Structure formats: structure tokens, C-alpha cells
Amino acid sequence: MAQKPSIPKGTRDFNPEQVAKRNYIFNTIRGVFETFGFQPIETPSFENSETLMGKYGDEGDRLIFKILNSGDYLDKIPQEQLTTNNYQLLTKNISEKALRYDLTVPFARYVVQHQNEIEFPFKRYQIQPVWRADRPQKGRFREFYQCDADVVGSDSLWQEVEFIQLYDTVFSALKLEGVTIKINNRKILSGIAEVIGASDKLIDFTVALDKLDKIGEAKVKEEMLGKGILEAGISKLQPLFTLSGSFESQIESLKSILSTSEEGKKGMEELAFINSAITELGLTTATLQLDVTLARGLNYYTGAIFEVAAPKQVQMGSIGGGGRYDDLTGIFGLNNVSGVGISFGLDRIYLVLEELGLFPETVTKNVEVLFINFGDKEALFSLKAIKQMRLAGIHAELYPEAAKMKKQMNHADKRAIPFVVIIGEEEMNSNSYSLKNMISGEQFKLSLQDLILEIKKKS
RNA sequence: GUGGUUGUAGCUCAGUUGGUUAGAGCAUUGGUUUGUGGUACCAAGGGUCGCCGGUUCGAGCCCGGUCUUCCACCCCA
């Protein structure tokens with residue numbers, strides 16, 4: 001080994017146990033998606049750059065992994081472009097493809113491209129990796145999985161209601177209790193911006209407001225002032241900073257702030273509708289909470305905004321998010337198709353379940369029986385039995401070589417295989433099977449039928 | 001992209017103000033034991049001290065750069 005091998009920053013290998021645990025989460029989410037009527041699609045891991053660039057804001061563009069063109073990618077670049085230090089222009093000319101940054105934009109592209117084959121409203125789910133050229137830190141990787149469910153072609157608020165039910169169902173199935181589903185509405189945010197005379201600074205305003213619980217009221221005001229929002233406007237926000245109480249009472253308070261904004265009132269009506277439906281239907285383990293400071297990125301949300309917070313005892317960023325986007329397909333030329341969707345952050349959910357010890361013990365299905373190999377004759381005899389066992393659904397295998405028994409037993413022990421079957425000359429002559437229980441150390445001679453019954457009974 | 005932090009055997013870590021041939025535990029392999037694992041004992045293999053450069057008679061240790069780890073910011077799942 002001349003050089004130690006390694007993997008790129010922010011990526012991970014997964015061992016068998018980790019894969020089993022990840023599959024447990026995937027399977028749970030997939031199962032719930034399907035019971036809610038979603039169908040799977042997949043899209044390529046990389047898209048044409050123009051499909052992705054500009055869809056996530058400037059910050060997003062920076063975090064998109066660009067793929068270098070093949071061959072001599074400098075061949076047709078004029079000399080002056082190489083020396084002018086304009087990396088954005090150069091990037092466009094040497095890279096025409098990029099790794100997918102999320103699943104929503106590729107989905108919008110898919111919908112537009114296949115619009116004539118799709119029966120609307122279209123409910124799809126998608127579980128695939130995405131890539132971001134971000135600096136890794138806790139729960140943040142450069143390659144990670146998203147599990148998305150979206151509905152396009154329906155502007156009914158019942159979809160929002162369904163997604164909240166879906167979140168609740170998934171986290172209940174995972175036994176992850178105490179998650180908070182935070183909800184807000186973009187219309188409320190733009191209503192507030194309108195009221196304080198900062199409609200043109202909506203993004204700056206919401207980004208600052210979003211930090212309220214993290215940096216506090218004073219710093220939020222400071223940041224807003226710094227972004228050019230007027231003092232007079234900010235003072236009108238005062239009720240917002242102290243907003244608390246039930247969903248209904250928060251909406252009441254908002255009414256006073258938003259009385260002059262049509263858009264803001266619309267947003268409140270939507271929230272009230274969703275909340276009363278959820279109150280009526282009930283949630284199993286999750287809690288729905290109105291959070292007017294919730295303003296997570298994604299420039300394309302136009303209505304509801306969701307974010308799921310892990311139970312308070314674990315320190316983890318959001319484990320899911322989503323929202324309503326009225327015109328996502330518009331950027332690809334298909335207008336008047338409203339969509340709404342949510343996303344689960346698999347890797348973060350994994351970390352949370354691990355921290356709380358919520359993975360079932362049975363996520364890994366180990367081999368149940370190892371047959372000791374004494375030689376070719378015995379191996380063939382063993383494989384006949386193994387064939388029968390496998391038909392009976394037992395995970396069985398033969399040690400591949402006639403190695404020393406100690407070594408074979410050791411192998412079974414290390415792999416935590418609960419049963420070993422020993423077949424030598426003696427057993428072959430009497431057509432019997434010596435079954436050793438590796439936990440108790442007990443050993444019996446049995447017929448093949450009893451052997452299968454015995455193992456099925458114990459597994 | 002900004003600031004800090006980390007790196008010594010497969011893993012977890014020692015390593016004196018800079019001084020012979022860099023150590024331990026666990027793991028691995030072989031043996032004590034050719035039809036019985038876990039325990040014990042004996043032995044062996046395994047390192048360009050992240051990488052590149054500098055200072056020095058001499059660098060795992062000091063200096064610079066770079067990569068990586070983790071954390072905070074930006075942003076976000």
C-alpha cells in the first residue's frame with residue numbers, strides 16, 4: 001500500500017449494519033408514501049447545468065457540483081476568457097453538466113418534459129442521493145439522500161393537510177416521538193414585508209427573521225437595519241417577536257399586524273384552514289406548530305412552508321422540509337401547475353434514531369446456520385441439506401474450505417451465527433445432522449426435518 | 001467562501017526541553033489443540049508518524065503550505 005486510500009470530503013462508506021439501518025428508514029418511508037398513493041420515479045444523478053443553475057439563489061449556485069466537460073475542455077475557449085478571472089463565464093463554457101442539488105427541481109423538469117404522459121394531479125415520490133459542495137459538519141454531508149413526495153396539478157389545501165398527516169405517520173412508524181412540524185406561509189411573510197414597506201427586500205427580511213430563535217431579537221433587528229429596512233417598519237414588527245400561545249391565538253395576533261395586506265390575510269386563511277382540518281383529524285405523535293419566523297430558503301415557495309424539527313433532546317437541524325410552489329414548472333415553460341411537496345433528510349433521521357437508540361434490534365438478518373466443511377464428500381452432502389433449508393426460508397451457508405474445525409467454529413463465532421451443523425463420516429453413515437447451538441453450547445443429532453423445525457423455532 | 005480544530009499500526013491511543021532501531025491495548029495470522037468457538041499461554045506480521053517543503057549536526061516533536069476530521073459562521077436536509 002503505497003498510499004492510504006481515502007474518500008472525498010463529506011462522503012461516507014456504509015458497512016452492512018449501517019446499510020441495514022438505512023434500509024429500515026427507507027422502507028418505512030417508502031411504505032408510507034405508497035399507502036398515501038404516491039408512485040416512485042427516478043431522475044439522473046446529473047442534469048444539464050442550465051436546468052439547475054439560478055434555481056437556488058446565488059448561494060445555491062456556489063454549492064452545485066459542476067462536472068467538467070470531457071476531452072480538451074479548453075480547446076475552444078478564447079485566450080482572453082482564461083485571463084480575465086471571470087470564473088462564472090468560464091464555468092459556463094467548460095462545464096455543461098452538474099450533479100443534482102435536490103430532487104424538486106429535477107422533478108419540475110420531469111413534469112414539464114413528460115406533461116403529456118402524466119395524469120394530473122400527479123403524486124410521485126423519489127428517494128435518491130443529492131450533492132452539495134458544502135463544508136461538512138454535524139448532520140451535513142456533501143453526498144446525502146433525500147426522500148421526497150410531491151403532488152403537482154392541484155392547488156387544493158387538502159394536499160397540505162395530507163402531507164402533515166404523512167409526516168406524522170412516518171415518524172410514528174419510526175417510533176420517533178416528539179417531532180414538531182412547523183408551518184408557515186409565504187403569503188404571511190410577504191404580507192408582513194408589505195406592511196413594513198420592505199416588499200422589495202422580502203428575501204433579506206425573511207432570512208433575518210428566520211434567525212430569531214438563534215440570535216435573538218436585537219441581532220435580528222440589527223441585521224434588518226443593515227439590509228436597509230427602515231426603523232419605522234421594524235418597530236411595526238414588535239408583536240411578532242413576542243408571538244406565542246396556541247395556533248389560533250397566534251393567528252388572532254397576526255390579524256392586527258396584517259389587517260392592511262390582502263396577501264397576508266389570504267395566508268392566514270390558508271393556515272387556519274389547514275390547522276382546523278388537522279385538529280379534527282388528529283396527529284399520532286407529532287405536533288403541528290405555527291412558526292411565523294420559519295422562512296427557510298428555497299426561493300420558489302409561494303404558499304405553505306414546512307419544516308420538521310427533531311425532538312428537543314437531540315441537537316440536530318431540521319430533519320425534513322417542504323412547501324407549496326405555485327410556479328416551479330413555470331421556469332421550464334409550463335404555467336399554472338401548482339405543486340406542493342415535502343422532503344425527509346434520511347441521514348439526519350439516521351443520526352437521530354441512533355442517538356435515541358430507536359433502531360429495532362432485528363434490522364440485520366444474519367445467517368442462521370453455518371455448515372462445517374470436512375471435505376468434498378461432506379460438502380456435497382451438506383449442500384443438499386442447505387438447499388432444503390433455504391427453500392424453508394432459512395439463511396444457511398457452507399464454510400467454503402475444509403479448514404481446521406477450530407477456524408471454522410471461530411468464523412461462526414465472529415459472525416455471531418447462532419447455529420452450526422457438523423457433518424462428518426459418522427453423520428453421513430447414519431444420515432443424521434449434528435446441530436450445535438453456539439449460544440448455549442448444546443449439541444444434538446437430528447434428522448434433516450427436525451433440524452429445519454428446530455432452527456425455524458429458534459429464529 | 002470565513003474562522004477555529006484534528007491527523008502516530010486495521011481500530012483506540014502513548015511518545016520526555018528536538019537525540020540510538022517510534023511503543024501499548026484491542027484486532028489479525030500461526031502454534032499449544034488434525035471432530036468443537038468464546039477463556040488462557042507462546043510467537044509472528046503490520047508504520048514514508050496525513051502529504052510537500054523549511055529550520056537543525058539531528059524533526060513524530062519547531063516553522064510554512066496543503067489535504068483531511070470535527071465545530072462555528074454563511075447557507076441548508
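Quick note on labels: first sequence line is chain A, next is B, and so on, each numbered from 1. All figures in this text were calculated on a predicted structure; none of them were measured in a lab.
The separation of B:U6 from B:A14, taken at their P atoms, amounts to 12 Å, rounded to a whole angstrom. Rounded to whole Å, the P atom of B:G47 lies 45 Å from the corresponding atom of B:A77. Between the P atoms of B:G50 and B:A43, the separation comes to 31 Å (whole Å). Going from the P atom of B:G15 to that of B:A24 covers 15 Å, rounded to whole Å. B:G25 and B:A44: their P atoms are spaced 13 Å apart (whole Å). Across the C1' atoms, B:C42 and B:G53 are found 46 Å apart, a figure rounded to whole Å. B:C76 sits 36 Å from B:C11 when the P atoms are compared, rounded to a whole Å. Comparing B:U21 with B:C63, their P atoms are spaced 24 Å from each other, to the whole Å.
A:D326 and A:Y301 share no side-chain donor-acceptor pair at under 3.5 Å. Side chains of A:R22 and A:Q18: a donor-acceptor N/O pair is absent below 3.5 angstrom, by distance only.
Ring orientation note: the planes of A:F344 and A:F171 are tilted relative to one another, at an angle of 30° to 60°.
A:R109 and A:E47 are joined by a salt bridge, as a carboxylate oxygen and a charged side-chain nitrogen come within less than 4.0 angstrom of each other.
Heavy atoms of A:E143 sit nowhere under 4.0 angstrom from any nucleic acid atom. No engagement by A:Y145 is indicated, since no non-hydrogen atom pair under 4.0 Å with the nucleic acid exists. Residue A:S318 is classed as a sugar-phosphate contact, given heavy-atom separations below 4.0 Å to backbone atoms only. A:G320 comes within 4.0 angstrom of sugar-phosphate atoms only, judged by non-hydrogen atoms across all strands, and of no base. Within the 4.0 angstrom heavy-atom criterion, base atoms lie near A:E59. A:V207 comes within contact range of the sugar-phosphate backbone alone, with a heavy-atom separation under 4.0 Å but no base atom that close. If you check every strand for non-hydrogen atoms under 4.0 Å, A:G57 touches nothing.
For the pair A:F374 CZ and B:G35 P, the interatomic distance rounds to 7 Å; values are reported in whole Å. Remark: P of B:C73 and NZ of A:K214 are 4 Å apart, rounded to the nearest angstrom. Atom CD of A:Q128 and atom P of B:A77 are 17 Å apart (whole Å). Protein atom NZ of A:K445 is 11 Å distant from nucleotide atom C1' of B:G35, rounded to whole Å. Between A:N373 atom CG and B:U36 atom P the separation is 16 Å, expressed in whole Å. One atom, CE of A:M409, and another, P of B:G38, lie 9 Å apart when rounded to the nearest Å. Taking atom NZ of residue A:K227 and atom P of nucleotide B:C74, one finds them 11 Å apart after rounding to whole Å. Protein atom CG of A:N429 is 15 Å distant from nucleotide atom C1' of B:G35, rounded to whole Å.
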Output a table of nitrogen or oxygen pairs between the protein and nucleotides 27-29 of chain B separated by less than 3.5 Å.
from	atom 1	to	atom 2	distance (Å)
B:U28	OP1	A:K414	NZ	2.7

Sort me out a list of protein N/O and nucleotides 65-68 of chain B N/O pairs below 3.5 Å, or just none if empty.
from	atom 1	to	atom 2	distance (Å)
B:U68	OP2	A:K9	NZ	3.4

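One distance of note links CZ of A:F241 with CG of A:L209; it measures 6.5 Å at 0.5 Å rounding. Note: A:M53 CE to A:N48 CG = 13.0 Å, rounded to the nearest 0.5 Å. To the nearest 0.5 Å, atom CG of residue A:L435 and atom CG of residue A:L451 are 5.5 Å apart. In this structure, CG in A:L166 is found 4.5 Å from CZ in A:F36, a value given to the nearest 0.5 Å. One distance of note links CD1 of A:I423 with CE of A:M428; it measures 8.5 Å at 0.5 Å rounding.
The residue among A:I439 and A:G424 whose nearest nucleotide of RNA chain B is located toward the 5' end is A:G424. When each of A:E426 and A:G345 is assigned the nucleotide of RNA chain B bearing its nearest heavy atom, the one mapping closer to the 5' terminus is A:E426.
Judged by atom type and distance alone, A:R135 reaches the base of B:G3 through a side-chain donor-acceptor pair under 3.5 Å. The base of B:U36 is paired with the side chain of A:Q443 by a donor and an acceptor separated by under 3.5 Å. Side-chain atoms of A:E427 and base atoms of B:G35 include a donor and an acceptor less than 3.5 Å apart.
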In sequence, state the C-alpha distance, the side-chain angles, and the governing distance for A:K221 and A:E217, and then conclude on salt bridge (Lys or Arg N to Asp or Glu O under 4.0 Å).
CA-CA 6 Å; A:K221 288 179 176 168; A:E217 184 181 326; 2.9 Å; yes
Run the side chain to side chain contact (heavy atoms under 4.5 Å, CB included) test on A:D102 and A:Q146 for me, step by step, so that the C-alpha distance in whole Å, both residues' side-chain angles and the decisive distance to 0.1 Å come before the verdict.
CA-CA 7 Å; A:D102 71 358; A:Q146 285 191 333; 3.7 Å; yes
Dot-bracket pairing map - RNA chain B, Watson-Crick plus G-U, both contacts under 3.5 Å, | cross-strand
((((..(..((((.....[...)))).(((((.......))))).....(((((..]....))))))..))))....
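For A:R132 and A:Y101, the positive end sits near the middle of the six-membered ring, less than 6.0 Å away and at most 45° from its axis. A cation-pi geometry, defined here as NZ or CZ lying under 6.0 Å from the six-membered ring centre and within 45° of its normal, does not hold between A:R30 and A:Y125.
Contact between the side-chain N/O atoms of A:K211 and the OP1/OP2 oxygens of B:C73 is not found at any separation under 4.0 Å. Taking 4.0 angstrom as the limit, A:K404 places a side-chain polar atom (N or O) nearer than this to OP1 or OP2 of B:G31. Not one side-chain nitrogen or oxygen of A:K406 sits closer than 4.0 Å to the OP1 or OP2 atom of B:U32.
Each of A:R186, A:R324, A:K187 was evaluated against A:E270; a single residue qualifies, A:K187, per the side-chain hydrogen bond (donor to acceptor under 3.5 Å, both in side chains) test.
Between the side chain of A:K456 and the backbone N or O of A:A392 there is at least one donor-acceptor pair closer than 3.5 Å.
Here B:U36 is the nucleotide among B:G37, B:C74, B:U36 with the atom lying nearest to any side-chain atom of A:I422. Residue A:Q137 places its side chain closer to B:C74 than to any other of B:C74, B:A77, B:U33. Distance from the side chain of A:R132 is smallest to B:A77 among B:A77, B:G35, B:G38. In this structure, of B:C71, B:G37, B:A77, it is B:G37 that holds the atom nearest to the side chain of A:K436.
With centroids closer than 5.5 Å and planes inclined by less than 30 degrees as the test, A:F344 and the base of B:A77 fail to qualify as a stacked pair.
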